[in-house]
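For reference, the structure discussed in these notes is given below.
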Amino acid sequence: MRGAHLLPLTLLVSIAHGIGLEDKMGPLGHLVLDVPEATPVPYAIYQFKSAVEGVSSYHISGETEGKISVSSDGWLFLEHPLEWSPEKNHHLDIEARSADGETLDGPYSVVLQVVDVNNNAPVFAENQYSGRVREHSPAGVPFIQVFATDADDPNTLNAQLRFSIVNQIPNPGNVFYFGINPDTAEIFITEEGAEFLRARPTVSYSRGEVRGSPQVLKKKFEDYCTPRNNIPLENNPFYTCIERAERREVNLLQDPDYALIVRAEDLRGGAPNALSSTTRVNIAIIQNLWVSPGTITIKENFEAEYPMYLATMRANDPTALYRLVQKERFFFPFTINQDGEIHVTTPLDREQKNMYTLVVIAEDAQGVELEKPMEIHVQVEDENDNPPVCDKAVFEVQENEPIGNPVGVLPAHDNDEEGTLNSFLDYTLLSQMPPKPFGNMFTINQNNGEIKVLNKNFQRKEVPQYELTISVTDRVHTTECKAIIKVIDINNKIPVFEKKDYGTHSVPELAEVGTTLLTIKATDEDDPGTGSSKVEYHITAGDPHNLVAIEVDEATGEGRVYIARPLDYELQNVFNLQIDARNPEPLIAGLEYNENATTFVVIQLVDVDEPPEFEVDTLNVNVPENITVGTIIMIAEAKDPEGKTIKFKMEGDEHNWLELDADSGELKTKAALDRETIEQISLTIITYETEGDKQEAEMKVNINLLDVNDNYPKLQKTQGFICVQDMAPLTLTAVDKDADPYGEPFTFSINRKSPNFEIKPLDGTSVHLILKKKPPSDLNTTIPINIKDNAGMGITQKFDVHICNCTKLGYCYIEPGAHSWKLGMSSTIGILAGIFGFLILFLIIVFYRIKKNGQQSPAVPEESKAML
């Protein structure tokens, strides 16, 4: 009958889940079935059909918990819904029976696996969180973290949480000053928060000021409050303004500056059917006195009384001691006193050093830093205290140099700050010697010092060179500079190569940079030692990658052709170079360079079998320790310069957790990783040629295992005893293999409120278990203690306590009790009678022997006594 009622329900469930009815039926046999939790009941699971004749009913046994039944026609169904829990399965035995109850088929093993459904919303560890953050704190640095858990299956999306900030109160301008990491729930300040968050005004204390003392408060009253009607301080005993500031400091978190509504949402967030919950985070903005004064500017050579005050640094702890640290090994004319006042001890010179970096350290009397070291930049402002300086200036002009042609730029400079008026120079041509054929053969640009030809008709035989006197000024200082201009022969000859073709030259592709390939030479018949006869060499074809260059020997005029950059046979194996010879001076009108000023040379590379190459020599990879087995961690990228087939192999996998594809270079996990076993896996991946010399190359791979919260705190001891004489507390200590932030500090609590026991924290890993009242008699009890790590993960563990009277040595005293081997009265009497009978028999034998010996030796009474 129940089978008939189940059939419509089965059809409905099958249609809803897209399952055909035939998929929920099958022969009687061993089977594993998935059953969703919290289903409506009755819920049809599966119909078994035995192939044996004469079956009239089915029977199940095992872990039914009164919730699982089977109908007479073989339908396995739920009478009550099942609940999912980790590794919870129902193991059943099912058999087919005849009408008289005889087993005809089976029993067979059937396992029901309860499948989790998303029916648990996330739960925050606390209803409200409170945190403090200082104003001017950097953006992106976490200052508080919230924790939430989900009771659903952690291996499914049902328990995968995403965190978000729903609201910020207040929210000026609809700008969020706080952000949250969606995965770790760490809360931080945004860029806007770092710029705009400010603390409420509060009382600041300096060195030697005692918080709350009347003398100090009287002084602070004038700093923070404006007395009304000149009321004397004695009539204002509570100093309302100061009192309010002090109360704000004490009850900061009861009166927060900002409140955040943080939401935790399962299914990784964003799903329409996701479950969520919220918590409130109260945030107080704390005044931050440790603030950089910004860049300090000092004029160089500033006349003042030294040491000269620059700025004051103040730590948030009024007892802080200050010192300066210099970042460069250089003259350091700065000091700081114990009030944080920074002074410069002597005038500064910008030309020696234009910027100083001071590092201010605030520490306590033991040398422990109280604040993050603060860098302060001191900029030395330029003063016009340097005259212009000219370098040697020698130029050339040809006899036929046209008007307007540039001759050169006068090399002058000023050591004052570049880009300012202090180093801006003005140029004026004062004189020309000799003044032939005209007194103004040249002109100079007033702003940049460029000299140009102003007149023509230079005659080298009459005037071989000119000397110009030029005034250079920065409007405060003036310097006179000299420039020599040589008149040279006209450039009416072109360079001519000794050879038009230098032939073919071979070089190994692995030849070092700088290797000479050949030397070339071209000569010029113009006036020696001038720009008209100077030869320069240029590679104009055959080297698109600029791997070859030419260096000129000024003494001989030869050009050394050499390797400028590493050669690569696969990139270019033949260089058909065209080299042109040119003069720095222009040729006369109508004259052009021809084929005599060009030569050719062929450079052939000799191929060398090179080993394979990795794209990088060392690779660092970060991988979470709970990464799915079979996931690709990285791909080794390598190639062979000659294009040969390469393969990969691996060394260093001591735990046999990884596998490397020899062909593709894919590195995968083949077993579960464990950061608690090893934090970093150091591998060597080798690529090698499969043919020829089979050369190899290596790449170092460092795999850093990132910790996940896969361990919970465990008690080191699970039992102990308490002596009622002194009732000394027991110390409970837990350990967690995870690292920060998933390790300590731990949170201990007793699951059910106990009238007899309480827990008091000792440190981050231990607590005291305290017996609050003495029991009337010895007592053995088990206490459920919940221990959570810093991330809120933990379980309830049992701790057995024996409360007893103790011996002087401090151990429990156990009174003698009845033993199972203790004999009854009749048994005891029987044993005693046997012992007495044995003693009487022994004495009779002894007396008999004494009497017998006395008859044989009557003359020796002493021996009889001895026997007795």
task = Would you please indicate yes or no on a ring centroid separation below 6.0 angstrom for Y356 and F334?
result =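 Ring-ring flag for F334/Y356: true, centres closer than 6.0 Å.
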Rounded to the nearest 0.5 Å, how far does [atom2] of [Y] lie from [atom1] of [X]?
X: I563; Y: E509; atom1: CD1; atom2: CD; answer: 11.0 Å
X: M650; Y: L667; atom1: CE; atom2: CG; answer: 6.0 Å
X: L660; Y: I635; atom1: CG; atom2: CD1; answer: 11.0 Å
X: T645; Y: E691; atom1: OG1; atom2: CD; answer: 5.5 Å
X: L705; Y: N626; atom1: CG; atom2: CG; answer: 10.5 Å
X: K644; Y: E689; atom1: NZ; atom2: CD; answer: 4.5 Å

### Query
Of the options V360, N316, I361, which is the one that meets E371 in a side chain to side chain contact (heavy atoms under 4.5 Å, CB included)?
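Answer after filtering V360, N316, I361: N316.
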Report task. Output, in order, the C-alpha distance, side-chain angles, deciding distance and verdict of side chain to side chain contact (heavy atoms under 4.5 Å, CB included) for F124 and S277. Result -> CA-CA 8 Å; F124 279 96; S277 62; 3.7 Å; yes
For [X] and [Y], does a side-chain donor sit closer than 3.5 Å to a side-chain acceptor?
X: N704; Y: Q680; result: yes
X: T278; Y: R263; result: no
X: N620; Y: N702; result: yes
X: T677; Y: D674; result: yes

Over 12 non-hydrogen atoms of neighbours within 6.0 angstrom of [atom1] in [X]:
X: K353; atom1: NZ; answer: yes
X: E654; atom1: CD; answer: no
X: K670; atom1: NZ; answer: yes
X: E418; atom1: CD; answer: no

Sub-3.5 Å donor-acceptor pair from the side chain of [X] to the main-chain atoms of [Y], do we have one?
X: D150; Y: A159; result: no
X: E696; Y: P611; result: no
X: Y129; Y: F147; result: yes
X: Q695; Y: P612; result: no
X: Q604; Y: S506; result: no

With side chains defined as the heavy atoms from C-beta onward, is the minimum distance between [X] and [Y] less than 4.5 Å?
X: I678; Y: W657; result: yes
X: N448; Y: V409; result: no
X: F176; Y: E192; result: no
X: I187; Y: V281; result: yes
X: L619; Y: M634; result: yes
X: D736; Y: F746; result: yes

Nearest heavy atoms of [X] and [Y], plus distance in Å:
X: F497; Y: I520; answer: CE2-CD1, 4.0 Å
X: T279; Y: E126; answer: OG1-O, 3.1 Å
X: W84; Y: D152; answer: CZ3-C, 3.7 Å
X: P495; Y: A522; answer: CB-CB, 4.3 Å
X: N546; Y: R565; answer: O-CD, 3.3 Å
X: A734; Y: P713; answer: CB-CB, 4.1 Å

Is it true that the NZ or CZ of [X] lies under 6.0 Å from the centre of [Y]'s six-membered ring and within 45 degrees of the ring axis?
X: K714; Y: Y712; value: yes
X: R582; Y: Y593; value: yes
X: K649; Y: Y688; value: yes

One pair to check against side chain to side chain donor-acceptor pair (under 3.5 Å): Q578 and T540. What are the steps and the verdict?
CA-CA 6 Å; Q578 175 181 325; T540 56; 3.3 Å; yes
Derivation and outcome, side chain to side chain donor-acceptor pair (under 3.5 Å), residues N158 and D153:
CA-CA 6 Å; N158 297 339; D153 188 352; over 6 Å; no
Quick one, F163 with L161, criterion side chain to side chain contact (heavy atoms under 4.5 Å, CB included). Give me CA distance, side-chain angles, the key distance, then yes/no. CA-CA 7 Å; F163 297 87; L161 304 183; 4.2 Å; yes
field: Evaluation steps, side chain to side chain donor-acceptor pair (under 3.5 Å), between N118 and N273
entry: CA-CA 9 Å; N118 192 21; N273 57 339; over 6 Å; no
* To do: Applying side chain to side chain donor-acceptor pair (under 3.5 Å), run through D34 and Q113 and close with a yes or a no.
  => CA-CA 5 Å; D34 290 337; Q113 297 181 152; 2.8 Å; yes
When T684 is tested against each of E698, K700, E651 for side-chain hydrogen bond (donor to acceptor under 3.5 Å, both in side chains), which residue passes?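 Exactly one pass, corresponding to K700.
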- Please state whether the rings of F614 and F648 are parallel, tilted or perpendicular, taking 30° and 60° as the class boundaries.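 Ring orientation, 0 to 90° scale: tilted.
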Would you please classify the geometry between the Y177 ring and the Y258 ring as parallel, tilted or perpendicular, with 30° and 60° separating the classes?
->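 Correct class here is perpendicular.
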query: Which is it for I296 and I376 under the side chain to side chain contact (heavy atoms under 4.5 Å, CB included) test, yes or no, and what are the steps along the way?
result: CA-CA 8 Å; I296 301 172; I376 301 176; 3.8 Å; yes
Applying side chain to side chain contact (heavy atoms under 4.5 Å, CB included), run through F143 and I283 and close with a yes or a no.
CA-CA 10 Å; F143 64 90; I283 299 175; 3.8 Å; yes
